[in-house]
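To start, the structure under review is shown below, and the notes come after it.
Within every chain, numbering begins at 1; the chains are lettered A, B, ... in the order of the sequence lines, protein sequences first and strands thereafter. FYI, side chains are in, hydrogens and waters are out, and symmetry mates aren't considered; it's all heavy atoms of this structure.
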2 protein chains.
Amino acid sequence: MDLKKLLKPKTVAIVGASEKAGFGGDTTRNYLKFSKNLDNLYLVNPGRDSILGQKAYHSLSEIEGDVDLVILCTPQKTILPLLREAAEKNCGGAVVFASGYGETGAEGKALQKELVSEADRLGIAVMGPNCAGFANFVDGIFAFAFLVEERDRFGNIGMISQSGQIVLGGLDSPNMGFSHVISSGNSCNVKVEDYLDFLVEDDDTKVIAAYIEGITKPGKLVETFRKAALKKKPVVVLKTGRSGKAQELAASHTGSLSGADKVLRAVFRRYGVIEARDLEELCGLAAAFSWLESLPKGQRCVFMNVSGGEAGVMADLADEFGIQLADYDPETKAYLQTLVPDYGSVNNPFDMTAGIGYNTPVMVQAMKAISGDEHVDAICIAYTITPKIWDDTISHMVEAVSIARKDPDMKPVFWIPFIEHSRHQESADILRRAGVPLLPSGRYGCRILKQILDFAGFDFQDTEAAIPEKNHKISRGLSEYESLNYLKDHGVPIPPQAVAASADEAVLKAADLGYPLSVKIHSADIQHKSDVGGVKLNIKDEANLRAAFEIVMDNCRKNAPDANLEGVLLKPMLRAGVEMIIGVNNDKDFGPMIMVGMGGVFVELFKDVQLAPAPLTKEQARRILENLNSYPLLNGYRGNPVCNKEALADLLVSISKMAADGKDSIKELDINPVFVTEEGVSIADALLIQYEDTF
Amino acid sequence: MDLKKLLKPKTVAIVGASEKAGFGGDTTRNYLKFSKNLDNLYLVNPGRDSILGQKAYHSLSEIEGDVDLVILCTPQKTILPLLREAAEKNCGGAVVFASGYGETGAEGKALQKELVSEADRLGIAVMGPNCAGFANFVDGIFAFAFLVEERDRFGNIGMISQSGQIVLGGLDSPNMGFSHVISSGNSCNVKVEDYLDFLVEDDDTKVIAAYIEGITKPGKLVETFRKAALKKKPVVVLKTGRSGKAQELAASHTGSLSGADKVLRAVFRRYGVIEARDLEELCGLAAAFSWLESLPKGQRCVFMNVSGGEAGVMADLADEFGIQLADYDPETKAYLQTLVPDYGSVNNPFDMTAGIGYNTPVMVQAMKAISGDEHVDAICIAYTITPKIWDDTISHMVEAVSIARKDPDMKPVFWIPFIEHSRHQESADILRRAGVPLLPSGRYGCRILKQILDFAGFDFQDTEAAIPEKNHKISRGLSEYESLNYLKDHGVPIPPQAVAASADEAVLKAADLGYPLSVKIHSADIQHKSDVGGVKLNIKDEANLRAAFEIVMDNCRKNAPDANLEGVLLKPMLRAGVEMIIGVNNDKDFGPMIMVGMGGVFVELFKDVQLAPAPLTKEQARRILENLNSYPLLNGYRGNPVCNKEALADLLVSISKMAADGKDSIKELDINPVFVTEEGVSIADALLIQYEDTF
């Protein structure tokens with residue numbers, strides 16, 4: 001659906017315009033106060049001839065020309081007739097503030113369905129219902145129902161929120177300047193994904209800040225994220241639900257660890273979408289990207305302080321948040337040493353002392369020297385933004401930063417205060433004009449700085465997403481033999497295996513496979529083979545094989561009387577190594593997700609797993625392995641040989657390709673364990689659950 | 001040393017008083033501006049008869065009566081003569097701003113040593129040198145060298161800092177009110193521990209905030225912490241050095257994981273000292289304790305929001321920071337349901353909706369109902385403190401909180417804003433007067449709330465600290481046999497063991513011990529027995545024992561030709577179980593620290609260890625076990641039997657008592673592994689390193 005008439009209308013009508021408090025009055029007053037062009041605004045109210053000094057129309061029909069956008073401040077029951085009347089004026093967009101729809105139970109849901117269907121029929125893109133409206137600061141359209149503080153809010157942040165209050169929080173934040181602010185409300189026929197797409201395409205928007213409660217168009221979302229990643233436009237998302245207890249449960253190991261919320265976060269990582277965990281992070285990240293003129297070219301930072309104590313605090317924070325401290329070139333260090341007094345020393349974090357910090361020109365020189373050092377990618381000043389006191393330190397520093405930034409070669413500069421509530425708006429405004437992001441205090445600032453550095457260095461790997469096309473319900477589990485054969489047929493290497501229906505056949509097959517081998521019951525009906533006595537390991541010769549065959553079959557006849565026993569599965573004993581688990585869980589929205597972790601307690605107790613959407617490139621496979629806390633176990637831990645991680649990455653790639661191809665046929669896959677040795681990888685067991693309707 | 005004349009002087013002289021900028025002028029102006037009683041102030045300057053309208057003295061000697069405190073604004077070389085002159089006036093305290101001492105290398109260190117010795121001789125408690133001075137807001141003494149913003153700073157926070165800039169940060173924080181603020185500088189003959197002790201004893205101080213760089217009097221520190229814990233006076237400490245690379249290395253496992261910084265944090269936990277990780281946490285915690293009129297009686301919180309979106313953000317944050325959400329009594333819930341509109345629902349976090357949040361009397365009723373619920377211990381309002389906008393929501397809410405708090409039965413109420421930099425001082429001041437801590441935003445606020453709840457519930461276990469009395473240098477490792485016997489002799493149960501110098505003797509001893517058993521080389525010179533072929537396990541009979549004896553001895557003669565071989569150590573094979581490591585590392589400052597963790601990768605890779613000072617009570621032993629991430633492994637993991645955790649706790653207690661008794665004889669102890677089963681515990685191996693000079 002085209003959002004142009006909704007978000008960038010040429011002509012606007014406020015229906016229910018008024019002078020009184022409430023949606024009609026507040027929206028009218030906001031529009032008159034904050035919008036740019038009042039010539040193409042029509043105020044509509046059946047009972048009024050003029051409102052707040054503006055001519056009023058008694059109905060939409062009374063307006064002479066077309067109306068692109070109607071802002072409906074009227075109650076729920078008036079909405080459909082008004083939309084029909086608006087359609088007559090070639091209207092393409094409507095803002096509906098009214099509540100009483102999807103948020104209120106069955107009756108409201110039916111009304112919303114009717115609204116969607118009628119709006120679609122009329123070709124009107126509806127924002128809301130139950131929303132706070134929007135503000136387009138680029139073209140000067142202020143269709144927003146809540147009153148806000150008066151200040152200039154124009155900038156380059158595009159903000160979307162499913163909560164009106166959170167939009168207000170953004171609008172009230174003094175360091176945020178916007179291209180567009182959108183409160184999407186119930187998102188009836190225009191979804192949050194559609195607004196995101198609009199903002200990704202919008203050249204007036206440099207950074208996107210989104211508060212999201214739920215996703216309804218995963219394919220569109222992923223495609224939008226992909227476009228943003230290709231443009232390197234930062235998308236910051238706050239998504240609640242990390243603590244949700246209502247996550248999908250799945251039968252296999254993989255499922256239990258990758259609920260829908262974790263899936264969405266894995267999708268974020270794939271596209272370099274920046275995750276904010278609360279409003280301070282959402283607004284802080286958006287403002288920082290908005291102020292920053294160019295991204296750092298690398299990760300190496302220098303922190304500049306005016307106190308040994310605060311330099312120590314910064315060192316601990318940098319370490320905690322994984323911010324890389326630059327090592328100066330010896331020449332830089334020698335030069336800086338000439339700027340500090342005798343008692344000072346040049347470190348990173350760098351306690352500039354009063355010698356530099358209280359002296360504007362000297363601080364400019366110091367910043368230029370540090371920026372000119374090829375071992376440095378960014379500078380961060382760490383000092384609390386207090387109101388000016390008698391000694392004026394803050395003014396010296398802010399002025400120095402502002403002057404230094406005029407040097408066209410100056411690398412990106414950030415500012416982190418130690419205690420935020422003392423912020424000083426005058427200093428903030430100077431820094432903003434100088435393109436120096438003033439981050440929130442301490443820990444918030446460090447995390448945001450780290451996220452910006454990571455975004456700057458993000459190497460997007462463009463692969464086609466595997467979004468399922470159908471919603472499948474019925475599934476069935478394959479036997480181990482069938483599961484492994486499925487892998488083999490789809491390009492995933494597996495060790496040799498054979499099934500045998502009799503002891504004689506087992507002996508024949510064993511001759512090909514070679515001893516020692518394992519004997520397991522072959523039955524699609526038995527998933528936990530050991531529990532029913534269906535496994536015998538390390539069988540070394542024919543006599544033992546015959547005995548094992550009988551024991552396994554007898555046990556299963558006794559312990560699983562209803563199972564259809566097809567014989568036994570024979571496999572050569574594998575050389576043990578580091579045990580890994582690899583899983584696939586096909587998310588109904590985002591498709592097959594690859595899960596990988598070390599076997600046993602590492603996954604279960606320490607939750608040390610990585611999750612990523614299929615398919616994976618080799619580089620992505622390497623990265624998720626390296627992100628495991630238990631990665632050192634693969635890397636020659638305690639004198640053990642270094643495992644063949646390239647083979648493991650190749651295996652992940654082949655499984656991920658199979659999973660992507662199987663986006664409409666594979667429900668779950670649990671490979672447990674995979675043995676990884678210095679030579680390579682071997683899959684010891686697999687359980688595949690397939691959608692029944694794809695057979 | 002008595003600090004009374006230093007910190008609570010009756011008469012004060014500023015030496016080097018002046019009108020000019022600099023230490024003398026700034027201190028004089030500060031004193032005249034912020035101090036309460038100018039009658040007992042003497043301004044001293046050899047060249048002036050009056051300063052800023054006050055009479056000036058040419059020297060200390062010229063003053064008629066006694067001078068309790070001298071504030072020396074003069075350069076380093078004048079300090080000693082001035083102290084001597086001051087002593088003649090019965091002076092007991094001096095503030096020395098001058099630098100050029102311990103912070104500047106060998107010469108400065110010598111000067112500081114001389115200063116300490118002379119000050120001690122004269123009986124003068126010196127603050128500094130190289131400090132910013134202090135302010136005593138209770139008695140109105142403002143001996144502070146840096147200029148600060150003009151506002152009322154009186155309150156009940158006692159702040160000490162080894163960094164002048166960090167003191168300034170506290171003084172400039174608009175929500176901090178102080179009893180005393182102390183910049184201790186180089187801490188020559190009065191140490192940070194002495195000031196802490198003063199503030200713990202001081203009845204005008206309700207909460208202590210300390211920035212500490214180093215500890216010099218560990219015994220005093222611990223005794224001070226103990227006094228604070230017994231009084232339940234909160235002590236908040238920011239200590240840099242978490243990332244320090246200069247930590248002590250120790251040979252054994254324990255040592256490598258418990259560097260000095262971790263030791264200090266274990267000491268903090270023992271005494272309920274609250275750790276701040278940066279300045280926002282330090283100031284936020286101090287202000288919160290300062291404003292709070294009483295501590296919560298339990299952990300169960302209700303969050304009140306005015307937005308579904310923000311309630312979701314709060315739920316995620318509460319979960320992340322471990323804040324317990326209260327379950328309402330059904331009656332409370334039913335009552336609250338009558339207050340919200342039809343579309344609202346009563347949850348926790350509770351989206352009050354405009355129906356409550358925009359209506360002062362209704363919000364007061366809601367708060368009273370929630371506070372009256374016996375399942376609730378505290379209320380937290382989560383709303384951004386914006387300046388008043390046209391609709392006045394913030395005023396309604398702040399007013400409601402203020403009214404509700406007048407109810408003498410109202411439980412503690414906190415306020416967490418979502419975006420801090422929009423704070424509104426007028427609202428903050430109302431909340432402060434109402435005893436409602438306004439916490440820093442989002443994540444900071446949640447962590448601080450959690451720390452306050454934990455402090456409120458902290459169950460201090462008073463035990464005598466085991467601070468070493470001597471500094472030991474030389475040590476020697478005991479053999480496994482000797483180490484285990486040491487444990488046995490000091491009340492720690494060990495399995496049976498015997499040594500044998502010949503195969504015949506081994507056979508004799510084995511008859512008592514019983515087969516199967518292990519044979520290990522017995523030599524204090526061989527620590528890694530397996531590496532030299534010095535171990536044979538699971539010996540089942542006499543013939544194998546004789547063979548094992550010869551093999552072990554031969555291997556060691558060959559592979560460790562210089563070792564003194566005393567024979568073999570025989571021990572019955574132990575029943576394997578969950579493998580734990582227990583260690584003792586005797587910190588030179590704080591004495592024996594108990595370390596416990598699961599064996600292998602849990603300790604090494606996941607750093608899943610707990611550290612606590614010896615001795616431990618049974619309850620403390622239980623707690624450190626429960627704090628292990630791998631604790632579920634002891635608790636019937638994956639169908640295994642539940643381990644005997646009481647026996648393990650008893651073992652920890654007995655080891656900790658031995659360690660405390662051995663504070664001047666045990667250097668390190670590494671027990672690895674201890675097997676824990678459903679029956680009990682058994683120590684399989686131990687290595688003790690003893691101080692040589694205690695033999």
Exercise for the section: Give the member of B/A428, B/A21, B/S307 that has the highest number of heavy-atom pairs under 4.5 Å with chain A. Expected result: B/S307
Exercise for the section: Let me know if A/E281 has heavy atoms under 4.5 Å from chain B in its side chain, its backbone, both or neither. Expected result: side chain
Fill in the blank from the handout: Per-residue tally against chain B (heavy atom, under 4.5 Å) across A/S163, A/G442, A/G309 peaks at A/G309
Completion exercise
Applying a strict 4.5 Å limit to non-hydrogen atoms, the region of A/S630 in contact with chain B is both
Completion exercise
Looking only at B/Q165, B/Q162, B/K239, most heavy-atom pairs under 4.5 Å shared with chain A are made by B/Q165
Exercise for the section: Would you check, one step at a time, whether the test side-chain contact (heavy atoms from CB on, under 4.5 Å) holds for B/I419 with B/S441? Expected result: CA-CA 6 Å; B/I419 311 186; B/S441 65; 5.8 Å; no
Practice task
Would you kindly say whether B/D608 and B/Y631 are connected by a side-chain donor-acceptor distance under 3.5 Å?
Solution key: no
Problem - Interface moiety of B/Y211 toward chain A, non-hydrogen atoms closer than 4.5 Å - result: side chain
Exercise for the section: Could you walk me through whether B/D429 and B/R432 pass salt bridge (Lys or Arg N to Asp or Glu O under 4.0 Å), step by step? Expected result: CA-CA 5 Å; B/D429 291 340; B/R432 182 184 189 167; 5.1 Å; no
Problem - side-chain contact (heavy atoms from CB on, under 4.5 Å) assessment of A/Q425 paired with A/I385 - result: CA-CA 9 Å; A/Q425 199 55 43; A/I385 301 282; over 6 Å; no
Handout entry: Expected output: side-chain B/T384 to main-chain B/F418 donor-acceptor under 3.5 Å
Key = yes
Exercise for the section: Counting only heavy atoms closer than 4.5 Å, note whether A/Y637 contacts chain B via side chain, backbone, both or neither. Expected result: side chain
Completion exercise
So, the part of B/E310 with a heavy atom under 4.5 Å from chain A: the answer is both
Practice task
Look at the rings of A/F606 and B/F606 and say which category their plane angle falls in: under 30° parallel, 30 to 60° tilted, over 60° perpendicular.
Solution key: parallel
Practice task
Output, in order, the C-alpha distance, side-chain angles, deciding distance and verdict of ring-ring contact (aromatic ring centres under 6.0 Å, His included) for B/Y444 and A/Y444.
Solution key: CA-CA 9 Å; B/Y444 273 116; A/Y444 272 116; 5.7 Å; yes
Exercise for the section: Answer with side chain, backbone, both or neither: which region of A/N305 has an atom nearer than 4.5 Å to a non-hydrogen atom of chain B? Expected result: neither
Completion exercise
Under 4.5 Å to a heavy atom of chain A? For B/L282 that would be neither
